[in-house]
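For reference, the structure is listed below as structure tokens.
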Amino acid sequence: MAKKETDKREAILQASLEIFAENGFHSSPTSEISRRASVGTGTIYRYFESKDALIEALYEEIDGRLRPVTSEGIDLEAPVRENVLGIIGRIFRFLLANPHEFKFLEQYYFSPYGVAKKSSDKESSDRPIINILHRGVEQQIIKDLPSEILFGLCFGPVVFLARDQLYGYFELSNEMVEAVLESCWDSIKL
């Protein structure tokens, strides 16, 4: 794709991200997306077959940025605790630093798009943490609970607190982030 074409596609994705984060999927008409992206409404359909395809492409774009966050810094020789805290911390910081992406992902995961993705996705960005949690269970360091439960105990507090900070209920200091991470670990360790 030529640079100008890539720029238009990127402008559409960025405008979509902002508008979906502000208004939700259903309250974000393509006319508003095209206006914010400074392209014609028909131009959106040159790059994306439908609004659904645009949402899926945006998810893939964000997931592509999140995957390295989940897997960087994993050291299979390091203790399970260190890896678990590292992954949770990197994701927590990503969510705090990228509020539009966080809002988009939250909508996506709790919509029919996310339900279908989770049902069919065999190699998701959750895989590194799931593998480490399994290792912790095998080593009898982590409670022997289903991976979905362990995942929820690790990330439920992170998502809840990131959302509350995003909406201005409080500001998490670095010390509080570290305390939250330790609390997540405490909820799953034996």
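Here the structure is a predicted model, which means the values were calculated and not measured.
- Considering only heavy atoms from C-beta on, Leu17 comes within 4.5 Å of Ile62 through its side chain.
- Take Ser38 and apply the side-chain contact (heavy atoms from CB on, under 4.5 Å) test, not counting sequence neighbours, and it matches no residue.
- Applying the side chain to side chain donor-acceptor pair (under 3.5 Å) test to pairs two or more places apart or on separate chains, those with a residue in residues 77-99 are Arg81-Glu182, Arg93-Glu178.
- Ring geometry for Tyr108 versus Tyr59: interplanar angle under 30°, hence parallel rather than tilted (30 to 60°).
- Using a 4.5 Å cut-off on side-chain heavy atoms (C-beta onward), Leu150 and Val137 make contact.
- Within a 6.0 Å sphere centred on CD of Gln140, heavy atoms belonging to other residues, nucleotides or ligands number 12 at most.
- Not counting sequence neighbours, the partners of Glu175 by the side chain to side chain donor-acceptor pair (under 3.5 Å) test are Ser173.
- The shortest side-chain heavy-atom distance between Ile188 and Cys184 does not fall under the 4.5 Å cut-off.
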Acceptor/donor pairs from residues 141-148 side chains to any protein atom, 3.5 angstrom cut, sequence neighbours excluded:
{"unit_1": "Lys143", "atom_1": "NZ", "unit_2": "Ser187", "atom_2": "O", "d": "2.9"}

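- Gln14 and Glu10 share no side-chain donor-acceptor pair at under 3.5 Å.
- Screening residues 23-45 for ring pair (Phe, Tyr, Trp, His ring centres under 6.0 Å), with sequence neighbours left out, gives Phe20-Phe25, Phe25-Phe104, Phe25-Tyr113.
- For the salt bridge (charged side-chain N to carboxylate O under 4.0 Å, His left out) test, no residue two or more places apart in sequence or in another chain qualifies with Glu32.
- Judged as a ring pair (Phe, Tyr, Trp, His ring centres under 6.0 Å), not a single pair has a partner in residues 60-102 (not counting sequence neighbours).
- Judged as a side chain to side chain donor-acceptor pair (under 3.5 Å), the pairs with a partner in residues 158-167 (not counting sequence neighbours) are, in order, Glu106-Arg163.
- Side-chain contact between Glu171 and Met176 is absent, with no heavy-atom pair separated by less than 4.5 Å.
- Shown here are the salt bridge (charged side-chain N to carboxylate O under 4.0 Å, His left out) partners of Lys189, two or more places apart in sequence or in another chain: Asp186.
- No side-chain heavy atom of Leu181 sits less than 4.5 Å from a side-chain heavy atom of Val84.
- A 4.5 Å side-chain heavy-atom check between Ile129 and Thr70 finds every atom pair outside the cut-off.
- Glu61 is listed as a side-chain neighbour of Arg9, based on a closest heavy-atom distance under 4.5 Å.
- Counting heavy-atom neighbours within 6.0 Å of Phe110 CZ, excluding the residue itself, gives a total of 12 or less.
- A search for side-chain contact (heavy atoms from CB on, under 4.5 Å) contacts involving Ser27 returns Asn23, not counting sequence neighbours.
- Scanning for salt bridge (charged side-chain N to carboxylate O under 4.0 Å, His left out) contacts around Glu22 gives Arg36, with sequence neighbours left out.
- Checked against salt bridge (charged side-chain N to carboxylate O under 4.0 Å, His left out), Glu49 has no partners two or more places apart in sequence or in another chain.
- Between the Ser71 side chain and the Arg67 main chain, a donor and an acceptor come within less than 3.5 Å of each other.
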